Amino acid sequence: MLQEGSLYLGTSRNPDDSLNKAEYMALKYGNRHGIVTGATGTGKTVTLQVLAESFSEAGVPVFASDIKGDLSGVAAMGEPKDWITQRATQIGFTDYAPAEFPVIFWDLYGEKGHRVRTTVAEMGPLLLSRLMNASEAQEGALNIAFKIADEGGLPLMDLKDLQALLNYMAEHATELSSQFGLISKASIATLQRGLLILEQQGAENFFGEPALKVTDIMRTTHDGRGAISILAADKLMMNPRLYATFLLWLLSELFEELPEVGDLDKPKLVFFFDEAHLLFNDAPKVLIERVEQVVRLIRSKGVGVYFVTQNPLDVPETVLAQLGNRVQHALRAYTPREQKAVKTAADTFRPNPAFDCADTITQLGIGEALVSTLEAKGIPSMVERTLIRPPSGKVGPIDDATRQKVMNLSPVAGQYDIDLDSESAYEILTARAKKAADAEAARRAAEEKAESGDSAAGRWTLPGFGDEPEETQNSRKTTTTKRSGGYQRETVIEAAMKSAARSVATSVGRALVRGILGSLRR
């Protein structure tokens, strides 16, 4: 029943329950995205496993999150359970055979997979604002922070780098406001509290080095199968906003880094976004618009995005319209919202005169779904009531020993498991502050010596963290500021901030470039 260039999903049946025909997804339309929906316990996870196995067997790398741990079974040989053999026999799946698939396990916490991280700079201000639930004013301050870092040579690797930069901005908000517009100390303080909350929620595990290379989730094996990258998300789901932001960041990285390839014979990567409602819950309009833009454009980069969620209403209509391949498991229809969801799901399919789509959705059994895929010229097929084929890998989670064995044999073993702490904004700002403090101490010592008559004249120390040449230092000796009892020069830190702000303002040509979702373009 397996066909070259197509993925076998299952076998449809007629209203009298007799078998109709095999249902396939054309591999060349795998990058036209898709959606898998259905109530809890209707078989979404098994369908996700079937799709992941099928793409892998066709040589397409897969990335998927594992919310409950059940998807990890794809790494182990399938077991001939009664329901599996019965389903294979029922649908005439004569090619069925147990198998195991190449898997790379990932985990933000490094417990059930290889560590996966990015840098604060890579994530960018838009997604970080979403992660911190920042207000418009706070997001503006965060954008200024990233502008200073991008243009001023201050690498933001982890949360302590951003904290150091925010402290710097708070201390010198007046000087910076003259260059970038009003910077509210209250907004900075709120962002600093937000960083503290992120640390308490474990987000510091996500930021740092070495950062994930997207090529490592796009691997194929020597026998031509695509590697299935599985993100262990059971612990990560305790912080849903971090989970959704991480997946969105990864999607944006793929969008920014991969070249345009147009329509291929098969996708370069298929990306499954489980619990997709978390991406759109309370998301600002601008973020939804940019997600829609990424989904629309990433197809030409050979990436297929598949949303997995309980309710089709969880996905905005503008995004839903971009999803060409659809698998709809059973939905309940007791409340008005559930009834609306059923109608929405039914309306997204090309009607089949053999049955009423809306009625059928509420009557589907476990492992049964309404399926519509793209046919010739990208036209949606007529919806069919389909018994989904059984997966070839193990159904259910694997044990810890098997997981560790897979990790030990992983092609990325050892690459991401040790933290790096290179020089970044925290170290640079700390060193500059120390240098400025030492210069200030020397200046005061020179003044005291001059006042005591031990020196005929003292000279002022350097602005710009003591980095300016001696002639520039002397030229600034006349800078004064009033204090009680007389006048004194502006402090070294104040002058340094002005110098740094001027440097940033004139270094636009060196600025890093950011993409649609704020991530860095390489």
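Values reported hereafter were calculated over all heavy atoms of this structure, with side chains retained and with hydrogens, waters and symmetry mates removed. It should be emphasised that the depicted structure is a prediction, and the values quoted were computed from it without experimental measurement. We're numbering straight along the sequence, starting at 1.
- A salt bridge links D421 with K160: at least one charged nitrogen is closer than 4.0 Å to a carboxylate oxygen.
- Between the side chain of R299 and the backbone N or O of Q322 there is no donor-acceptor pair closer than 3.5 Å.
- M132 has its side chain within reach of L195: a pair of non-hydrogen atoms, C-beta onward, lies under 4.5 Å apart.
- With contacts defined as side-chain heavy-atom distances shorter than 4.5 Å, the pair E292/V319 qualifies.
- In this structure, NZ on K44 lies 13.0 Å from CD1 on I388, to the nearest 0.5 angstrom.
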Which is it for L247 and F271 under the side-chain contact (heavy atoms from CB on, under 4.5 Å) test, yes or no, and what are the steps along the way? CA-CA 9 Å; L247 291 185; F271 189 100; 4.2 Å; yes
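- Contact between A345 and P312 at its shortest, heavy atoms only, is CB-CG, 3.8 Å.
- A distance of 12.5 Å separates CG in L331 from CD in Q363, rounded to the nearest 0.5 Å.
- Centroid-to-centroid, the aromatic rings of Y416 and W106 come within less than 6.0 Å.
- For the pair T386 and L9, the minimum side-chain heavy-atom distance is 4.5 Å or more.
- Taking the charged nitrogens against the carboxylate oxygens, K112 and D400 have no contact shorter than 4.0 Å, which rules out a salt bridge.
- The minimum heavy-atom distance linking S65 with D274 is given by the pair OG-CB, 3.4 Å.
- A pairwise comparison of heavy atoms in R326 and F349 identifies CB-CE2, 3.7 Å as the closest pair.
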Could you please spell out the steps behind the side-chain hydrogen bond (donor to acceptor under 3.5 Å, both in side chains) verdict for Q138 and S129? CA-CA 8 Å; Q138 294 155 15; S129 296; over 6 Å; no
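- In this structure, M382 places its CE atom where more than 12 heavy-atom neighbours from other residues, nucleotides or ligands lie under 6.0 Å away.
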Hey, mind stepping through L236 and L242 against side-chain contact (heavy atoms from CB on, under 4.5 Å) and telling me if it holds? CA-CA 7 Å; L236 180 59; L242 177 59; 3.7 Å; yes
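- Taking the six-membered ring where tryptophan is involved, the planes of F273 and Y243 are perpendicular, since the angle between them exceeds 60° and thus also 30°.
- Closest approach of I230 and L71 over heavy atoms only: CD1-O, 3.7 Å.
- Checked by atom type and distance alone, the side chain of S56 pairs as donor or acceptor with a backbone atom of G226 at under 3.5 Å.
- Enclosure of atom CG in N408 by more than 12 non-hydrogen atoms of other residues, nucleotides or ligands within 6.0 angstrom is indicated.
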May I have the step-by-step check of side-chain contact (heavy atoms from CB on, under 4.5 Å) for V294 and L248, ending in yes or no? CA-CA 10 Å; V294 168; L248 188 54; over 6 Å; no
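- No side-chain donor from either of Q293 and E289 sits under 3.5 Å from a side-chain acceptor of the other.
- To the nearest 0.5 Å, atoms CE (M157) and OG1 (T118) are separated by 10.0 Å.
- Figure legend: R385 and F355 shown without cation-pi pairing, the cationic atom not lying both under 6.0 angstrom from the six-membered ring centre and within 45 degrees of its axis.
- With T37 contributing its side chain and T309 its backbone, the two residues share no donor-acceptor pair below 3.5 Å.
- D347 contributes no side-chain N or O that, together with a main-chain N or O of T344, makes up a donor-acceptor pair within less than 3.5 Å.
- N20 places no side-chain N or O within 3.5 Å of a backbone atom of S12 that could act as its donor or acceptor partner.
- Using modelled atom types, one finds no donor on one side chain facing an acceptor on the other under 3.5 Å when comparing E209 with T119.
- With values rounded to the nearest 0.5 angstrom, S252 atom OG is found 9.0 Å from E257 atom CD.
- Each of F55, Y96, F93 was scored for a ring pair (Phe, Tyr, Trp, His ring centres under 6.0 Å) with Y8, with one residue passing: F93.
- L48 has its side chain out of reach of V36: every pair of non-hydrogen atoms, C-beta onward, lies at least 4.5 Å apart.
- In the displayed structure, L409 atom CG is contacted under 6.0 Å by more than 12 heavy atoms of other residues, nucleotides or ligands.
- For E136, the CD atom is loosely surrounded, since the number of other residues' heavy atoms within 6.0 Å does not exceed 12.
- Checked options L258, V303, N31; the residue passing with I298 is V303 (criterion: side-chain contact (heavy atoms from CB on, under 4.5 Å)).
- Among all heavy-atom pairs drawn from G59 and T220, the shortest one is O-CG2, 3.8 Å.
- Separating the CD atom in Q415 from the CG atom in D216 is a distance of 5.5 Å, to the nearest 0.5 Å.
- Ring geometry for Y306 versus F272: interplanar angle of 30 to 60°, hence tilted.
- With hydrogens and angles ignored, the 3.5 Å screen pairs no side-chain donor or acceptor of K268 with any backbone N or O of G302.
- Side chain of R32 to main chain of G324: no donor-acceptor pair is present (N/O by atom type, distance under 3.5 Å, no hydrogens or angles).
- Side-chain contact check for I228 versus P102: every heavy-atom pair is 4.5 Å or farther apart.
- The residues R115 and D419 are annotated as salt-bridged, a charged nitrogen and a carboxylate oxygen being separated by less than 4.0 angstrom.
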Please evaluate residues E338 and K340 with respect to the criterion salt bridge (Lys or Arg N to Asp or Glu O under 4.0 Å), reporting the C-alpha separation (whole Å), side-chain torsions for both, the decisive distance (0.1 Å), and the verdict. CA-CA 5 Å; E338 290 172 344; K340 181 180 178 182; over 6 Å; no
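- At most 12 non-hydrogen atoms from other residues, nucleotides or ligands lie less than 6.0 angstrom from NZ of K405.
- Note that the CE atom of M77 and the CZ atom of F101 stand 9.0 Å from one another [nearest 0.5 Å].
- Not one N or O on the side chain of D66 forms a donor-acceptor pair closer than 3.5 Å with the backbone of D234.
- Remark: side-chain polar atoms of K235 are not paired, donor with acceptor, to backbone N or O of Y109 under 3.5 angstrom.
- Summarising the local packing, CD1 of I366 is surrounded by 12 or fewer heavy atoms from other residues, nucleotides or ligands at distances under 6.0 Å.
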Give the intermediate values and the outcome of side-chain contact (heavy atoms from CB on, under 4.5 Å) for residues L278 and R241. CA-CA 7 Å; L278 297 175; R241 194 180 293 271; over 6 Å; no
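- With respect to E375 and K377, no salt bridge is recorded, no charged nitrogen being found less than 4.0 Å from a carboxylate O.
- D70 places no side-chain N or O within donor-acceptor distance of the main-chain N or O of G73, the cut-off being under 3.5 Å.
- Residues L364 and H329 share a closest heavy-atom pair of CD1-C, 3.8 Å.
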